[in-house]
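Since the structure comes first, as structure tokens, the remarks are kept for the end.
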Amino acid sequence: MNNVNITIDGLAITARSGMTVLQAALANGLYIPNLCNHPDLAPAGLCRVCVVKVDNKKIAISCKLPVQDGMAISTEDPEVMQIRKSSVELLVAYHPLTCLTCEKDNDCELQRVAHYVGVTQEGMKRYRRSVRTIPKDTSNPFFDIDHSKCIMCGICIRTCDELQNINAIDYAQRGVSCIVATLGNKPIAQSRCESCGECVVRCPVGALAVKTAQAPMREVSSICTYCGVGCGLFLGVRGDRIVSVRGDRNNPVNKGSLCVKGRFGYDFVNHPDRLKTPWVKKDGKLVEASWDEALDLIADNFSKSKGDGFATLASARMTNEDNYLLQKFTRSVMETNTIDHCARL
Amino acid sequence: MTFTQLQEDARQEWNALRNDNNPQIMIGTATCGRSAGAMAVVKAFEQELEQKGITAHITEVGCIGPCYAEPLVNIAKPGKPTISYRNVTPSMVTEITDAYLVGEDPLAHYTLGTFGDGKIEGVSRVLDTPSFKPQERRVFRNCGVIDPTNINHYIANQGYEGLNKALTMTQEEVVDIMKRSGLRGRGGGGFPAGRKWEAGLKAKGTPKYVVCNADEGDPGAFMDRAVIEGDPHSVIEGMIIAGYTIGSQTGYIYVRAEYPLAIKRLEMAIAQAHEKGLLGKNILGTDFCFDINIFPGAGAFVCGESTALTLSIEGKRGMPRVAPRPRTTEIGLYDKPTLLNNVKTFASAPMIIVKGAEWFASVGTEKSTGTAIFALTGKVNNCGLIEVPMGITLRQIIYDIGGGVSDGGEFKAVQTGGPSGGCLPESLLDTPIDYDSLDEAGSIMGSGGMVVLDEKTCMVDVARYFLDFTEIESCGQCVPCRLGTKQLLEILKDICKGRGKEGDHELLYELSHSVHGGSVCGLGQTAANPVLTTLRYFKSEYDAHIYDKCCPAKVCKSLISYVILEDKCKGCTLCAKSCPVNAISGEKKQVHVIDQSLCVQCGVCMEKCPNKFSAVDCVSPRVKTEVS
Ligand SMILES: Cc1cc2nc3c(=O)[nH]c(=O)nc-3n(C[C@H](O)[C@H](O)[C@H](O)COP(=O)(O)O)c2cc1C
Ligand code: SF4
Ligand code: SF4
Ligand code: SF4
Ligand code: SF4
Ligand code: SF4
Ligand code: FES
């Protein structure tokens, strides 16, 4: 691919052709405010915050504008600043601003652009303020939808469509009543949503928020234990408790994506019912046993059960390699072809 | 059948009707006529003719234009010019029948005038009246003249001649003539039609589509409906010619479901065109095949925007595509090359082919050729649909055609272009009507709404009214439009309520410019026009509201008080009896008083106070109420 040279506010940068101006800027470490843009998704051009001026003439939306050799981009043109500021101030005017108790505090794109364009208390006094009063959708076991914080960037809708191919949510209604909704505006738990949470992690504000989220004290790089895909993730830990899970964008297997189990199903780790040692039935009662005792018992029983009286049920939670070995073991050691797999978890 | 044969048959039928020895009764029964009661008039005539044993043809025709005179009945007696009767009610039917159908008394006081050759004593010729003289009926040429449900009427009046001729031309030749005509899209944007057709022809990819935009979502606009209801074949013929020109076989008409009569007329016209071999396979014996589907739209204003419209036909949510995007001529309906034009744009095409580009451009201005159609409404004497040459001034339209401000009122402003347009003051009345001049004045041609406002109109309230519409109709996908229109509306509402504050002016300006410059589609980009033009031309009215809490037009309820003038009140008690909230007290023959803390500013007392006293006055700002 060819490189093109453009300038942004007079700074010369090089970009790959095919990139948008916003991509080129961000790749070169230059921030252009943006809200509805996400690197994993096709640009939508809806928030209008990434507005720039091209060649001192035309107003354009940088997230949709392909770079062209020799382009001169201005992000500080008065007209640009006015449009950008109005859009952000409008969003703030209709936003609850409950930052202190918001999951996204400090990691919120609306906060970021508001700071950048210089939203002030004084400036906001000119506006008529109000906040949406639609009740939160708390039907999903893992995350809540707070329409009052939603900036209608459409990232969740595009995520569910472009990345997940599920299309559980879309726009509904018109004008200021426009909301993100499921089919028939039912609670999300009654929709085809698979609770993957991909939309939640991409929401630039606190409109989609994990119910039990806690900021971790530290993060540990790990692999998801749920299935043979082996998605890379970071477990957020406090003491000996897992308090969050985050997909690893640099892991070639999942590039940051996770499914509902990997992302939200970690409470088993600290669950009191979790089995931590083998149990063996003695005199009709299950009692705790050592590993050696249990494995001996298994080996003993297995050697008595060769042939078609024996069956193996393999687990999707093991790796492909483990499962391969298991079928080898079943066929050549246990001398039966009766093996099935649970990959329906 | 060859086209010549079709024409001959049609002319025979038409001439037989014209030269018949019996009178013709033509009644305008488009939606506008119907809502004025035309169907009852049709029935009354039918009964009357039967009872009296009179032979006459009753034909239901489309809208002739002058809504103020609906229901309109045109009666043509053999050898006489057609007489147009205005505001006909069923109770007038017997009188008209006896006087003019049986006898020879034209009942001049009931008439609008005559059409056609010849003169009838005491009745003026309609086309000589100031209201009609400046008009030039081209798109409306058949409306009110032919029976829209009879294809032969259309064919007998040069209908499908354009198609027949186009089929002998090359596609490039059709594009050329369209380009030379200078016709600009009548959907509001004014994009040159010839250039669009050329792009459609050059676009690569199959199939290609032709789409007719009959969404007509502007409040107060009903021109497209009138054309479809009165002359559906003109639109269909235009679309077929367009299909031939760009190499398309499929057309769609996107028409709002709230137009059931228009849909019915289109369905009927399409079926008739099929029967005559003018639509469908091998049109007029050529290799060219073309068919038209009707798509009833759910009525969202934004679905009139071309990209939202094509998505809506695809069954998707009607949200405009975001620029930069390919043109609809390249990637449109089902992502295929699509030629999308307005109803009137298509309806203009057949005439251009028949009469030539020069004929078309012979009226209008250099950059805006042809005629413009407006729905003239508001405080004007003659409201209705008018067709005028481009370049005519607003003054001519309002004072000559419209007959001036109604009820003896004083002109204040004229609003053109619907919710995307602006309000122009007296000083701009000599602005010529064309795309560019209106644009410069801060308004737009739009799809053709024109509302005349008098001194009793509050300009802040007018801006609020239009923002109320755009705020609801915004599709909601982009921030400046979705929230900008809401904020503008809330500020305007506050100003009207007396809650305007220092800085509102500046914020209105600021936001208007941002909404204009930042929005995705035309809806948002033009939504602030009503605010910007009223701020520009009527700033003092905003000031009065904000700083003096005064509504000079005495419209904004929160800023007015009704008071009873001591020296005029004779204590007749009428006001007190009619006040819905019992805010008025006073003994008989004693001066009455309004308790301002109870009054809800309904104005009933002012209406009820006898004219000879005129003791109730409306004042703004509000009178101060003593806190007891
Ligand atoms: C919000 C919005 C509503 C529109 N509504 C209509 C409409 O009702 N009818 C129409 O013909 N064009 C409408 N337009 C303009 C169309 O997008 C398009 O420009 C036009 O139909 C093209 O036809 P023309 O070239 O013949 O004018 C609308 C545009 C916008 C932005
Ligand atoms: S979403 Fe952002 S701006 Fe809104 S309350 Fe949360 S942190 Fe604050
Ligand atoms: S959680 Fe997953 S499936 Fe559910 S709406 Fe979000 S992206 Fe779609
Ligand atoms: S919920 Fe979040 S991601 Fe979805 S539209 Fe609202 S702000 Fe955007
Ligand atoms: S300008 Fe308004 S109607 Fe147009 S895309 Fe934006 S929100 Fe939708
Ligand atoms: S304006 Fe209406 S409410 Fe007020 S005093 Fe008159 S009649 Fe009564
Ligand atoms: S980031 Fe470009 S419009 Fe939202």
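All chains are named by letter (A, B, ...) in the order of the sequence lines, taking the proteins before the strands, and each is independently numbered beginning at 1.
Of all residues spanning residues 297-317 of chain B, those with a heavy atom less than 4.5 Å away from chain A's heavy atoms are B/Ala300, B/Arg317, arranged by number. Heavy-atom proximity under 4.5 angstrom to chain A picks out B/Glu471, B/Ile472, B/Glu473, B/Ser474, B/Cys475, B/Gly476, B/Gln477, B/Cys478 from residues 465-478 of chain B.
Taking chain A as the reference chain and counting heavy-atom pairs below 4.5 Å, the highest number among B/Gly517, B/Pro324, B/Ser514 is found for B/Ser514. Counting heavy-atom pairs under 4.5 Å between each of B/Lys486, B/Gln487, B/Arg482 and chain A puts B/Gln487 at the top. The most heavy-atom pairs under 4.5 Å with chain A, out of B/Ala323, B/Gly503, B/Pro480, B/Cys481, come from B/Pro480. With chain B as partner, the option from A/Ala93, A/Pro66, A/Ser177, A/Ser86 having the largest number of non-hydrogen pairs under 4.5 angstrom is A/Ser86.
To the nearest 0.5 Å, the span separating NE2 on A/His38 from SG on A/Cys203 amounts to 10.5 Å. One finds the CG atom of A/Asn37 at 11.5 Å from the CD1 atom of A/Ile61 (value rounded to the nearest 0.5 Å). A distance of 11.5 Å separates CE in A/Met124 from CD in A/Glu122, rounded to the nearest 0.5 Å. Interatomic distance, A/Thr14 OG1 to A/Asn2 CG, rounded to the nearest 0.5 Å: 12.5 Å. Here the CZ-CG distance, from A/Arg126 to B/Leu507, works out to 5.0 Å after rounding to the nearest 0.5 Å. Here the CD1 atom belonging to B/Ile546 is positioned 7.0 Å from the CG atom belonging to B/Leu508, to the nearest 0.5 angstrom.
A distance-only check finds a donor-acceptor pair linking the side chain of A/Arg129 to the backbone of A/Val92 [under 3.5 Å]. In this structure a side-chain-to-backbone donor-acceptor pair under 3.5 Å is missing from A/Arg128 to B/Leu488.
Contacts of A/Val176 with chain B are made by both backbone and side-chain atoms, with heavy-atom separations under 4.5 Å. Using a 4.5 Å cut-off between heavy atoms, A/Ile151 contacts chain B through its backbone alone, with no side-chain atom that close. For a residue to count as touching a neighbouring chain, one of its non-hydrogen atoms must lie under 4.5 Å from one of that chain's; by this rule A/Tyr94 touches chain B with the side chain only. For chain A, the nearby part of B/Ser519 is the backbone; its heavy atoms alone come within less than 4.5 Å. Heavy atoms closer than 4.5 Å to chain B are found nowhere in A/Lys85, neither backbone nor side chain. Only the backbone of A/Gln173 comes within less than 4.5 Å of a heavy atom in chain B; its side chain stays farther off. With a 4.5 Å cut-off on non-hydrogen atoms, A/Ile59 touches chain B through its side chain but not through its backbone. Neither the backbone nor the side chain of A/Ala60 has a heavy atom closer than 4.5 Å to any heavy atom of chain B. The contact between A/Ser130 and chain B is made entirely by side chain atoms (from C-beta outward), counting heavy-atom distances below 4.5 Å.
Of the residues listed (B/Lys549, B/Lys497, B/Arg499), the one engaging B/Ser558 in a side-chain contact (heavy atoms from CB on, under 4.5 Å) is B/Lys497, and it is the only one. Of the candidates A/Leu30, A/Val4, A/Thr7, A/Asn5, A/Leu30 is the only one forming a side-chain contact (heavy atoms from CB on, under 4.5 Å) with A/Ile13.
Partners of B/Phe538 by ring pair (Phe, Tyr, Trp, His ring centres under 6.0 Å), not counting sequence neighbours: none found. In this view, B/Tyr537 satisfies the side-chain hydrogen bond (donor to acceptor under 3.5 Å, both in side chains) rule with no residue, not counting sequence neighbours.
In summary, the side chains of A/Thr75 and A/Asp9 do present a donor paired with an acceptor at a separation below 3.5 Å, with no hydrogens or angles considered.
No side-chain heavy atom of A/Ile73 sits under 4.5 Å from any side-chain heavy atom of A/Lys53.
Using the six-membered ring where Trp is involved, A/Tyr116 and A/Tyr31 have ring planes that are perpendicular, over 60° apart on the 30 and 60° scheme.
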